[in-house]
> 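Quick one: structure below, then a few questions.
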Amino acid sequence: MNEHDENDALKQAYQTAKQRYPAPGRIKRAVTEHHDTGSNWWYLLVRPGRLPGREWLALTAALGCLLVLLTIYTSPVPPAGESKFVALEVEYHGYQDEINDSPDYREKLTVYTREYTQQLNTLNVFYSRPAMLASLDGDWLFTDCQNQKITVSHELIDDLRALQRVDPALMKGTFVALSFDEQGRLINIDSAPAEHC
Amino acid sequence: MAKLGFLRGFLRRESTTNCNESLFRQYRQTGDTAALSALYDQHSNNLYYYLLVMSDPITAADVTQKVWLKIIESCHDYQDKGRFQAWLFTIGHRMLIDEFRANKRWQADTDPDTLGAPLLTNIDTSDFHQLLKQLPFAQREAFSLQQEGFSLQDIATICSVPVETVKTRLRYARNTLRKHWKES
């Protein structure tokens with residue numbers, strides 16, 4: 001048998017093996033149940049035809065009020081001392097031993113210790129910042145609304161992911177909300193609507 | 001003749017990809033349960049088997065379900081330029097790794113940066129599934145993803161490794177399987 005035939009035989013063997021292990025039916029039931037019970041509320045909003053006119057108007061007004069209140073009470077307070085970083089072009093978030101390798105140009109370095117991940121559950125979000133995920137090859141690179149670059153080290157991303165603090169659906173080009181603690185340390189990366197920028 | 005076969009395969013893949021994309025677009029725009037169900041039927045066995053090869057039946061079922069719930073929640077973040085199947089498996093890969101890490105099951109063999117060596121002890125080498133499971137994590141993953149129709153570049157993106165690394169893993173995996181697999 002030549003290499004090409006052998007590869008075909010392996011391919012065939014893989015497909016045959018796959019047929020022996022189909023996905024359990026309960027998964028589909030759980031997925032469609034989840035879809036049918038509430039997770040598709042979004043479509044009620046994007047398809048006004050499903051709601052009668054008066055209810056739609058009332059819902060829009062209520063959402064508007066809620067949005068105004070949220071904007072007033074939750075507008076991000078910049079951490080103390082951030083103003084001195086305004087002129088900086090690059091931010092780098094990573095562990096102490098990685099930062100030594102980072103390029104030496106105008107940048108704000110946020111240093112993390114290994115104990116940081118153990119404290120993560122007790123840290124509170126102090127402010128949140130919208131950005132776009134520009135690259136996820138090795139270190140992750142984000143661009144914020146002011147076009148500033150934010151680099152997060154690969155190791156830090158791995159640790160955040162292990163603690164389910166990075167949305168697994170993120171892809172290059174996704175808009176995200178970067179959440180920071182009081183010391184400016186990154187504690188969560190979640191997807192966010194593009195219009196936040 | 002071989003070229004014609006390749007062309008047919010390519011066209012079949014392209015038409016399946018376009019079908020996936022339009023089904024997902026339909027689902028994203030309308031929330032149509034039928035579109036979700038069609039997408040699920042098309043991909044769930046592939047995703048489940050990939051996860052099963054990489055873990056165990058309980059973890060595979062658990063992660064498969066979580067991936068689909070994530071798809072429902074995040075469908076508005078999906079980038080049109082990407083391929084739905086690649087996005088689905090990327091989420092699957094990440095959730096599986098997260099699951100291993102959360103349960104402290106991240107060992108040398110499950111570390112995708114290690115090439116590792118196959119175990120091959122006391123197994124029936126005519127059972128392809130069992131043989132596949134003996135490969136080191138990284139090789140098993142690269143091989144499974146290739147069998148699911150992903151290109152080298154796709155696999156590199158899903159696993160966050162360079163294309164050359166994928167080629168090496170595939171070469172090792174195929175060599176081991178060719179050497180030990182006995183067709184019954």
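Here is the naming used below: chain letters follow the sequence lines, and residue numbers restart at 1 for every chain. The model shown is predicted, which means the values in this text are computed figures rather than measured ones.
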> Indicate whether the side chain of A/Y14 and that of B/E148 have a donor and an acceptor atom separated by less than 3.5 Å.
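Result is yes, a qualifying pair exists.
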> Would you find more than 12 non-hydrogen atoms of other residues, nucleotides or ligands less than 6.0 Å from A/L66 atom CG?
yes
> Do B/D127 and A/R20 touch side chain to side chain, with heavy atoms closer than 4.5 Å?
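In short, these two side chains touch, coming nearer than 4.5 Å.
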> To the nearest 0.5 Å, what is the distance between CG (B/L69) and CD1 (A/I27)?
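One gets 10.0 Å once the value is rounded to the nearest 0.5 Å.
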> How far apart are the C-alpha atoms of A/D158 and B/R101, what are their side-chain angles, what is the distance that settles it, and do they pass the side chain to side chain contact (heavy atoms under 4.5 Å, CB included) test?
CA-CA 10 Å; A/D158 280 351; B/R101 286 191 172 132; 3.9 Å; yes
> Atom CG of B/D98 and atom CZ of A/R165: how far apart are they, to the nearest 0.5 Å?
13.0 Å
> Roughly how far, to the nearest 0.5 Å, is the CG atom of B/N46 from the NZ atom of A/K18?
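These two atoms lie 3.5 Å from each other.
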> Does any heavy atom of chain A fall under 4.5 Å from the side chain of B/D41, the backbone, both, or neither of them?
side chain
> Is there a side-chain contact between B/S44 and A/K28, using heavy atoms and a 4.5 Å cut-off?
no
> Report the distance from atom CD of A/E6 to atom NZ of B/K179, rounding to the nearest 0.5 Å.
13.0 Å
> Counting only non-hydrogen atoms closer than 4.5 Å, does A/Q15 touch chain B with its backbone (N, CA, C, O), its side chain (CB onward), both, or neither?
side chain
> Could you tell me the separation between the CD atom of B/E73 and the CG atom of A/D167, rounded to the nearest 0.5 Å?
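Rounded to the nearest 0.5 Å, the CD-CG separation comes to 8.5 Å.
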> Please classify the contact between B/S74 and chain A as side chain, backbone, both or neither, with a heavy-atom cut-off of under 4.5 Å.
side chain
> Can you tell me how far the CZ atom of B/R174 sits from the CG atom of A/N7, to the nearest 0.5 Å?
5.0 Å
> Could you walk me through whether B/T90 and A/M171 pass the side chain to side chain contact (heavy atoms under 4.5 Å, CB included) check?
CA-CA 9 Å; B/T90 303; A/M171 292 181 83; 5.5 Å; no
> By a 4.5 Å heavy-atom criterion (distance strictly below it), what part of B/T157 contacts chain A: side chain, backbone, both, or neither?
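Neither the backbone nor the side chain of B/T157 comes within 4.5 Å of chain A.
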> Grab the two heavy atoms, one from B/R94 and one from A/A169, that are nearest each other, plus how far apart they are.
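Residues B/R94 and A/A169, closest heavy atoms: NH1-C, 4.2 Å.
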> Honestly curious: do A/V166 and A/L141 fall in one hydrophobic cluster under the side-chain, below-4.5 Å linking rule?
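Cluster IDs for A/V166 and A/L141 differ.
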> I need the minimum non-hydrogen distance between A/A17 and B/F128, along with the two atoms involved.
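Taking every non-hydrogen atom into account, CB-CD2, 4.4 Å.
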> Do you know the tightest heavy-atom contact between A/A23 and B/Y40?
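Looking at all heavy atoms of both residues, the closest pair is CB-OH, 4.4 Å.
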> Does one hydrophobic cluster hold both A/Y116 and A/F126, with members joined at side-chain heavy-atom distances below 4.5 Å?
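Hydrophobic grouping puts A/Y116 with A/F126.
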> Would a 4.5 Å heavy-atom cut-off, applied to side chains only, mark A/Y21 and B/V53 as touching?
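Answer no - side chains too far apart.
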> Which atoms of A/L163 come close to chain B, meaning under 4.5 Å heavy atom to heavy atom: side chain ones, backbone ones, both, or neither?
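No part of A/L163 comes within 4.5 Å of chain B.
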> Which word best sums up how the rings of A/H35 and B/Y27 line up, parallel for under 30°, tilted for 30 to 60°, or perpendicular for over 60°?
tilted
> Who wins among B/A156, B/S144, B/P162 for the most heavy-atom pairs under 4.5 Å with chain A?
B/S144
